Amino acid sequence: MSALDGGVRPTPLAPMEIRSAFKRRGLLFVLSSPSGAGKSTIARMLLAEDDGIAMSVSATTRPPRPGEVDGEDYHFVSDERFTELVASGAFLEWATVFGNRYGTLKSEVTKTIEGGRDVLLDIDWQGTQQLKQVDPDIVRAFILPPSMEELERRLRHRGTDGEEVIQKRMDRAANEISHWAEYDYVLINNNAEKCRELVHNILKAERLKATRRVFLHDFVRGLIG
Ligand code: 5GP
């Protein structure tokens, strides 16, 4: 049993309740990619199509970009507040990216898992490594851009960042991509809809894994005694 699925639930449930509420062990599904590879679009499409999975909203010290909403895109916090959250053990993982800190809040993940849904995490390779230590059962998918030229084109097209930031993002993209082999699944995003479909297929197959379908023990006992 992982630290995230039942072992650390604050109020213990009676065995029958556990069985009915947790027919399947909740899944932590990590999506990583360099920014501009289309990860946010794919995540948005996946969430719209599958209501069995919800996004973990990270905390960050980065200022909001135009159009970003506090509590939806990120929990935007001050440096001081982030330090407090680290000290109080509020994070499952956190990392510094482009000089800003980003972290996955335990509360976000447990809220969703306890509600019987899977969790989608848009985090970088550093966070993925940490999360794998906390919960070896996570599923990790990496999205590659079709080419570095296309990645740069998408970053420019977004129009949210200045030239200097774009160059930094391109440098960091190469670094992020160098971690591709640490992931369970690696996809090339030639087409967002196709890529969304593949990500969804991965999610659906992972949900069917015998080790996650805890109710099967009882079900099969009912079948064959
Ligand atoms: P952006 O500033 O473009 O929204 O995100 C920059 C990078 O930070 C992305 O690669 C994103 O995956 C990563 N990131 C966002 N939230 C988290 C988090 O909670 N933890 C970690 N480790 N990385 C994150």
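No experiment lies behind these values; they were computed from the predicted model shown. Hydrogens, waters and symmetry mates play no part in the numbers below; they use all other heavy atoms, side chains included. Numbering of ligands and ligand atoms starts at 1, following listing order.
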Inset, instruction - Decide whether an N or O pair under 3.5 Å exists between Val97 and ligand 1. - result: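 Checking ligand 1 against Val97, no N or O pair falls under 3.5 Å apart.
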Legend entry - Contact check: Asp124 vs ligand 1, nitrogen or oxygen atoms, below 3.5 angstrom: yes
Legend entry - Atoms in ligand 1 flagged as close to Gly127, the criterion being non-hydrogen separation under 4.0 Å: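 Close to Gly127: 22 (N).
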Inset, instruction - Find all atoms of ligand 1 within a distance of less than 4.0 Å from any non-hydrogen atom belonging to Ala95, and give their numbers and elements. - result: 22 (N)
Do [X] side-chain atoms and [Y] backbone N/O form a donor-acceptor pair below 3.5 Å?
| X | Y | result |
| --- | --- | --- |
| Asp73 | Val69 | yes |
| Asn189 | Leu144 | no |
| Glu68 | Arg65 | yes |

Min heavy-atom dist [X] to ligand 1 below 4.0 Å:
| X | result |
| --- | --- |
| Arg62 | yes |
| Gln130 | no |
| Arg169 | yes |
| Lys39 | yes |

Inset, instruction - Quick one: pull up OG in Ser56 and CG in Leu121 and give me the separation to the nearest 0.5 Å. - result: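 Going from OG on Ser56 over to CG on Leu121, the span is 4.5 Å.
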Inset, instruction - With rounding to the nearest 0.5 Å, note down the distance linking NZ in Lys194 to CD1 in Ile188. - result: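 Rounded to the nearest 0.5 Å, the NZ-CD1 separation comes to 13.0 Å.
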Inset, instruction - Please state which part of Arg65 comes within less than 4.0 Å of ligand 1, counting heavy atoms only: side chain, backbone, both or neither. - result: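 Only the side chain of Arg65 comes within reach of ligand 1.
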Inset, instruction - Answer with side chain, backbone, both or neither: which part of Arg101 has a heavy atom less than 4.0 angstrom from an atom of ligand 1? - result: neither
Inset, instruction - Would you mind finding which of Tyr74, Trp125, Tyr102 brings a heavy atom closest to atom 24 (C) of ligand 1? - result: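 Ranked by closest heavy atom to atom 24 (C) of ligand 1, first place is Tyr102.
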Inset, instruction - May I ask which of Ala173, Ser58, Ala37 has a heavy atom nearer to atom 18 (C) of ligand 1 than the others do? - result: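 Comparing heavy atoms across Ala173, Ser58, Ala37, the nearest one to atom 18 (C) of ligand 1 lies in Ser58.
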Inset, instruction - Check each of Lys204, Arg44, Arg196 against Glu49 using the salt bridge (Lys or Arg N to Asp or Glu O under 4.0 Å) test, and report the only one that passes. - result: Arg196
Inset, instruction - Look at Arg156 together with Glu163 and state whether they make a salt bridge at an N to O cut-off of under 4.0 Å. - result: yes
Legend entry - Arg221 and Asp218: CA distance, side-chain angles, deciding distance, salt bridge (charged side-chain N to carboxylate O under 4.0 Å, His left out) verdict: CA-CA 5 Å; Arg221 203 174 298 127; Asp218 287 345; 2.9 Å; yes
Inset, instruction - Measure from NZ or CZ of Arg172 to the centre of the six-membered ring of Phe98, then state whether that distance is under 6.0 Å and the direction lies within 45° of the axis. - result: yes
Inset, instruction - Identify, for atom 12 (O) of ligand 1, the protein heavy atom at the shortest distance, and state residue, atom and that distance. - result: Asp122 OD1, 2.7 Å
Legend entry - Nearest protein heavy atom with distance in Å, relative to atom 20 (N) of ligand 1: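 For atom 20 (N) of ligand 1, the nearest protein heavy atom comes out as Glu93 OE2, 2.7 Å.
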